[in-house]
Amino acid sequence: MLRTHDSPELNACLVDRKVTVAGWVDRRRDHGGLIFIDVRDRAGLVQVVFNPEINPDCHKLAGDLRCEFVVQVSGTVSLRPQGTQNAKLATGEIEIIADSLKILNTSETPPFYINEDSEVDENLRLKYRYLDMRRPRVRDIIMLRHQVVRFIRNYFDELSFVEVETPILGKSTPEGARDYLVPSRVHSGKFYALPQSPQQMKQLLMVGGLEKYYQIAKCFRDEDTRADRQPEFTQLDVEMSFVTEEDVMSITEEMFIRMMRQMHPGKRFPSPFPRITYSEAMERYGSDKPDLRFDMHLGDVSHIVAHTEFGVFKNTVESGGKVKAIALPGCAAYSRQELAKLTELAQGYGAKGLLSMSLTRECSCLDGLTMEMVKSVAAKYLNLEQVKQIAIKTGALPGDLIVFVADKEPVVANALGKLRQEMGLRLKLADSDLFAFVWVTDFPLLEWDKDLDRWHAMHHPFTSPLENEIPLLDIEPARAGSRAYDIVLNGYEVGGGSIRIHQAWLQRKIFQVMKYTEAEIDERFGHLLEAFSFGAPPHGGIALGIDRLVMLLSGASNIREVIPFPKNQNAVDMLFNAPAPATREQLNELHIQLRDE
RNA sequence: GGCCCCGUGGUGUAGCGGUCUAACAUGCCACCCUGUCACGGUGGAGAUCACGGGUUCGAAUCCCGUCGGGGUCGCCA
């Protein structure tokens, strides 16, 4: 090694010992006589002092040092003189009196500060990611991610799970996201697909008798990115045989609880995790991944307003729609302009419009409310009793603004659910010390796809229907429930899973309901159906998004922060400039001809 | 594909129709400095104000378009 100690090992116990450290020049303080250099390694800083009276040549050389030069310094550990200790530094009690310096490498002036935690254009950070990760903030996240993955491996290893690697080059599946395709050189005109998840593979491992499998698996989906979505991401993939929902959920929950205790002792979290059904979640929060760090629930006021003379409400309810509302705490005094912004927001989420009603803060509770305190264009159609009922339904108090959306139920839920999430964050209602885990259960099995005019699986087509609702598949597929469950944290879906189908006849039936022809079923899923015919055990599992989880654990604002080499919004790798054109030779070999466009 | 926000020395910002021959901080370069730790002091270099067009007597500033970045809707089994 080019060093005898890492910076955290240096302390007062080593006084008078000769040590060698190596690292980067974090900062220099050149006093003309004395030169102070902070040497940074992976774990911290240590101050090195160059004194011309100790070694004039060495002091002279130190004058050439600049930020990010790579150095090897030997010297004597020394207690700092009285009054010059630095409590901000782990090594602040001591310093190294240098008697030799070797410049291992020089450095250009970095394009942004490495020794300061300042905001830098993300584009630039990504282009120079290798410099960015010298900064403690980025490095700490990489370390945290390592700890999370190590924790997961230890946890599942203790429970006798087997880590199995599954292939990256696989077969395209018709369901789900767009695939990344890899052309085959050997087979002209044929393509591999990168896995969107190792779903079928892990089910086959169950058929293969592994019983308990997990993997830290790379997954690929060629869809547009978001702040919490990358084209390439990492899942903790888990599958178990001879289990029920309860088994998978409790093993997952126990993992989270232990992980939270170990890594985030300062945060509170519910134990056991609460559970709500999909329909409760949609009804109360307008989302299947509700952020339970704050309440602000949707109130169904349809029956209250159905018989008023207010046209929008009345007509909506009469034609089978719903009128729902949420209360924005303390927003009663919103200006016309602010209300217009809110409406715009709601319209962006699919609502036709947004009706508001403010309850002015002239009394402390609903008992004292009078119609004079109710400001709304709908006020003249409502009586005091109706207003109070609306307030109770939404949890509104004087001083709050109640906003209504009237439309078909899914539109209302989506618009108000998104509005709830956005306004909850804007109004800082979310308790930042809370990790609000919640299980969402009882998902419907199928969802109607109006574009393709057919049913598709809400979770994925391998999810088992509730056993006693299998007959519904023939009569009323929409009502069939599934054995799927999602784990949600602070409004993010961090994982989802299900008990799978393990019988060929049932799997075939699901594909039939989804309007696949027999030929398509055999071509696409024949391997799976055949596997199920050889004594496939009942099985189920879950997949957790590692990136999203680390993002939430670290408090990062987007997923790129927790990925060492992420892609930007346009799925471009700014460091390597990928994707890039292929040469004519490469394309020829792959039997690919580009279309002129 | 739609909508919203952003683009000014290396970096981060200010300026939002004339005072801009573009300001401030930091970084960079030179010199001075033996107890600093975001060291200090003096001096210096460094910007076709993303790009193209338009409005105007006059544009970093207003308008349109393009490009780049971010957020979001659709999309993401």
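Computed from a predicted model, the values in this text were never measured in an experiment. Lettering follows sequence order; numbering is per chain, from 1.
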What integer distance in Å separates [X]:[atom1] from [N]:[atom2]?
X: A/Gln421; N: B/G71; atom1: CD; atom2: P; value: 16 Å
X: A/Arg125; N: B/G69; atom1: CZ; atom2: P; value: 16 Å
X: A/Asp224; N: B/U72; atom1: CG; atom2: C1'; value: 11 Å
X: A/Glu108; N: B/G27; atom1: CD; atom2: C1'; value: 14 Å
X: A/Tyr349; N: B/G2; atom1: OH; atom2: C1'; value: 15 Å
X: A/Ile559; N: B/U72; atom1: CD1; atom2: P; value: 12 Å
X: A/Phe69; N: B/C28; atom1: CZ; atom2: C1'; value: 13 Å
X: A/Glu561; N: B/G71; atom1: CD; atom2: P; value: 10 Å

* Considering residues at least two apart in sequence or located in another chain, which fulfil the side-chain hydrogen bond (donor to acceptor under 3.5 Å, both in side chains) criterion with A/Ser498? -> A/Thr463, A/Arg500

* Asked: Partners of A/Arg137 by side-chain contact (heavy atoms from CB on, under 4.5 Å), sequence neighbours excluded?
  -> A/Asp117, A/Glu119, A/Arg135

* Who pairs with A/Trp24 by ring pair (Phe, Tyr, Trp, His ring centres under 6.0 Å), at least two apart in sequence or on another chain? -> none

What's the gap between [N] and [M] when it is taken at their [atom1] atoms, as a whole Å value?
N: B/U11; M: B/G17; atom1: P; answer: 27 Å
N: B/G27; M: B/A38; atom1: C1'; answer: 12 Å
N: B/U8; M: B/C51; atom1: P; answer: 10 Å
N: B/G1; M: B/G54; atom1: P; answer: 28 Å
N: B/U13; M: B/G18; atom1: C1'; answer: 24 Å
N: B/C5; M: B/G41; atom1: C1'; answer: 43 Å
N: B/C28; M: B/G74; atom1: P; answer: 48 Å
N: B/A25; M: B/C64; atom1: P; answer: 36 Å

* For A/Arg66, report the nucleic acid contact type (base, sugar-phosphate, nothing); a contact means any heavy atom under 4.0 Å. => sugar-phosphate

* Identify whether any heavy atom of A/Ser197 sits under 4.0 Å from a base atom; if not, whether one sits that close to sugar-phosphate; answer base, sugar-phosphate or nothing. => base

* Between A/Asn568 and A/Arg548, which has a closest nucleotide on RNA chain B that is more 5'? -> A/Asn568

* To do: Return the 5'-most residue of the pair A/Arg226, A/Lys567 with respect to RNA chain B, ranking by each residue's nearest nucleotide.
  =>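 Looking at RNA chain B, the more 5' nearest nucleotide goes with A/Lys567.
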
* Structure fact -> Protein-proximity profile, nucleotides 32-47 of chain B, B/S/- by nucleotide at the 4.0 Å heavy-atom cutoff, equals -BBBBBSB--------

* To do: Summarise how protein sits on nucleotides 7-16 of chain B as a single string, 5' to 3': B when a protein heavy atom is under 4.0 Å from the base, S for sugar-phosphate-only contact, - for no contact.
  => ---BBS----

* What is the pairing partner of B/C51, taking Watson-Crick or G-U wobble pairs with both distances under 3.5 Å in any strand? ->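 By the stated definition (distances under 3.5 Å), B/G65 pairs with B/C51.
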
* Base-pairing assignment for B/C24 (Watson-Crick or G-U wobble, both under 3.5 Å) ->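 B/C24 is paired, partner B/G12.
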
[X] side chain N/O closer than 4.0 Å to the phosphate oxygens (OP1, OP2) of [N]?
X: A/Asn570; N: B/G69; result: yes
X: A/Gln196; N: B/C76; result: no
X: A/Arg560; N: B/G71; result: yes

Return all side-chain donor-acceptor pairs below 3.5 angstrom for residues 194-205 of chain A, not counting sequence neighbours, or 'none' if the list is empty.
from	atom 1	to	atom 2	distance (Å)
A/Gln196	OE1	A/Ala177	N	3.1
A/Gln196	NE2	A/Ala177	O	2.7
A/Gln196	NE2	A/Asp179	OD1	2.7
A/Ser197	OG	A/Gln199	N	3.3
A/Gln199	OE1	A/His460	NE2	3.4
A/Gln199	NE2	A/Gln203	OE1	2.8
A/Gln199	NE2	A/His460	NE2	3.4
A/Gln200	OE1	A/His527	NE2	2.9
A/Lys202	NZ	A/Asp237	OD1	2.8
A/Lys202	NZ	A/Val238	O	3.1
A/Lys202	NZ	A/Glu239	OE1	3.3
A/Gln203	NE2	A/His539	NE2	3.0

* To do: State plainly whether the residues A/Lys418 and A/Glu422 are in salt-bridge range, i.e. N to O under 4.0 Å.
  =>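 No, A/Lys418 and A/Glu422 are not salt-bridged.
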
* Structure fact -> From the candidates B/C76, B/G74, B/C28, the one with an atom nearest any side-chain atom of A/Glu223 is B/C76

* Distance-only donor-acceptor check, side chains A/Gln215 and A/Thr166, under 3.5 Å ->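 A/Gln215 vs A/Thr166: donor-acceptor pair found between side chains.
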
* Could you verify whether a donor N or O on one side chain and an acceptor N or O on the other, from A/Arg29 and A/Gln47, lie under 3.5 Å apart? =>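 The answer is yes; a qualifying pair exists.
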
* Audit row: A/Gln230, A/Arg548, side-chain hydrogen bond (donor to acceptor under 3.5 Å, both in side chains) steps and yes/no -> CA-CA 10 Å; A/Gln230 280 271 301; A/Arg548 247 179 230 174; over 6 Å; no

* Assign the ring pair A/Phe511 / A/Phe525 to parallel, tilted or perpendicular, where the plane angle (0 to 90°) is split at 30° and 60°. =>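 The arrangement is parallel - the two ring planes meet at less than 30°.
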
* **Base B/C75 paired with A/Arg229 side chain (donor-acceptor, <3.5 Å)** => yes

* **Ring-face cation contact, A/Tyr516 with A/Arg454, 6.0 Å cut, 45° max** => yes

* Assess whether atom CD of A/Glu93 is packed by more than 12 heavy atoms of other residues, nucleotides or ligands within 6.0 Å. =>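 Atom CD in A/Glu93 is not packed in, count stays at 12 or less.
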
